[in-house]
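So the structure is just underneath, and the comments pick up after that.
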Amino acid sequence: MEAAAAIRGTAAPRMRLAGRSSRGSGTAAARAIPASRSDWQTACAILSSTNDTPAPPAPKVNGQNNNNKLAAPAVPGSEDAVSGLDLVPAAGAGNLPRPLSISDLSPAPLHGAQLRVAYQGVPGAYSEAAAGKAYPGCEAIPCDQFEVAFQAVELWIADRAVLPVENSLGGSIHRNYDLLLRHRLHIVGEVQLPVHHCLLALPGVRRELLARVISHPQALAQCEHTLTRMGLNVAREAFDDTAGAAEHIAAHALRDTAAIASARAAELYGLQVLADGVQDDAGNVTRFVMLAREPIIPRTDRPFKTSIVLAHDLEGTSVLFKVLSAFAFRDISLTKIESRPHRHRPIRLVDDANIGTAKHFEYMFYIDFQASMADVRAQNALAEIQEFTSFLRVLGSYPMDMTPWDAAPSPGSPSASDQQQRG
Ligand SMILES: O=C(O)C(=O)C[C@]1(C(=O)O)C=C[C@@H](O)C=C1
């Protein structure tokens, strides 16, 4: 990832945990993203309170102009509190803050009609395409890490996040499973995106000149056999995202390096397509989840999926068996089960008389099942499971993506979310 770090601050502006965004003016995301989390929270408050009217004159504190600092509130009854009346600019009641209304609190976007959707990567990444499939016409906001996309929604900088959770060839994207648990966002939908990879290089570069191939680790894994079959037994290097790898080649005029990325990334960064469709399987699909601050109301009039995560204190495999049977007895199909190490209690010590002390790993289990939380079968299954688990959380109950895999949404066609329910 060193190379990825090297491009930070170059061509592609993204949201970062630290650093500044240089997005074009005119959008809230365009404004500076400050250096620390607390600065960012302040900026977020500023973003949500700014409007297009000119800024009011800087308030005076104790008769002094206070141009760059947020003033600490005056202590009631103190001299400051009296002179603090001065804080309200005398002229123009139009400059006074507007009280929050019900519409500000609704799940609809605060920033006008366009939904702002955070994704990890730079323009041309598959995640950007997934954001567009989930929310056609949205403003896609690039973020340099998954964690930043979560925070952008939590801090109201974005309205939604669209993040990959699994790929048909590469398997689960574990980082996002862990982040789903660490953050309080809700899964409100899913999109499945066919991933069609290209081998990209600078114009005029021939395959024989290549010394390395760079891309997102998932993309490298998805193309491993094809690259070997093509005789490209050169070094592979991991990058933050596929389009970022393409951008890096263009920005540094690297003639010995190719990237695995989308045809759109080739267009955006002026690269040529050396080979088209280099994924090991034509049916290469990545599943993304759509995240929001509020859950959607589950329904039963269309196919729904529910994602849960659980942990238990008991020994042995019998708990997992009971969990699975709670679904099986109600004829509820599971679509996914994933285990991750328990962060707070990774190891269990088991004292076995005369044999010694055994150490078992402790796990969190992530389960997706095919039913809505509005379905009484799902409610009963979870009520039963709750009896023998120490922790149970519903990550979301949301419409399944039923669009055919080869159907990329065309302008005006119903999207995954429009077809089902706007999440
Ligand atoms: O790098 C990108 O373009 C991404 O959107 C990320 C990502 C992933 O995380 O799996 C998404 C889809 C593909 O499976 C390859 C990479």
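This one's a predicted model, so the numbers in the text were calculated from it and none came from an experiment. In listed order, ligands and their atoms are each counted from 1.
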field: Pairing residues for H197 by the ring-ring contact (aromatic ring centres under 6.0 Å, His included) criterion, not counting sequence neighbours
entry: Y126
Less than 3.5 Å apart, N/O on ligand 1 and N/O on the protein: could you list those pairs with the distances?
unit_1, atom_1, unit_2, atom_2, d
ligand 1, 1 (O), T242, N, 2.8
ligand 1, 1 (O), T242, OG1, 3.4
ligand 1, 3 (O), Y126, N, 2.9
ligand 1, 3 (O), T242, OG1, 2.5
ligand 1, 5 (O), Y126, N, 3.4
ligand 1, 5 (O), S127, N, 2.8
ligand 1, 5 (O), S127, OG, 2.6
ligand 1, 9 (O), H216, NE2, 3.3
ligand 1, 14 (O), Q222, NE2, 3.0
ligand 1, 14 (O), T286, OG1, 2.8

query: Does a salt bridge link D331 with R377, judged by any charged N lying under 4.0 Å from a carboxylate O?
result: no
message: Strictly below 4.0 Å, N to O, side chains only: are E338 and K336 in salt-bridge contact?
response: yes
message: Can you list everything that forms a ring-ring contact (aromatic ring centres under 6.0 Å, His included) with F365? Sequence neighbours excluded, please.
response: none
query: With a 3.5 Å cut-off and no angle check, do the side chains of K305 and S372 form a donor-acceptor pair?
result: no
field: Residues in side chain to side chain contact (heavy atoms under 4.5 Å, CB included) contact with V234, at least two apart in sequence or another chain
entry: V213, L232, R236
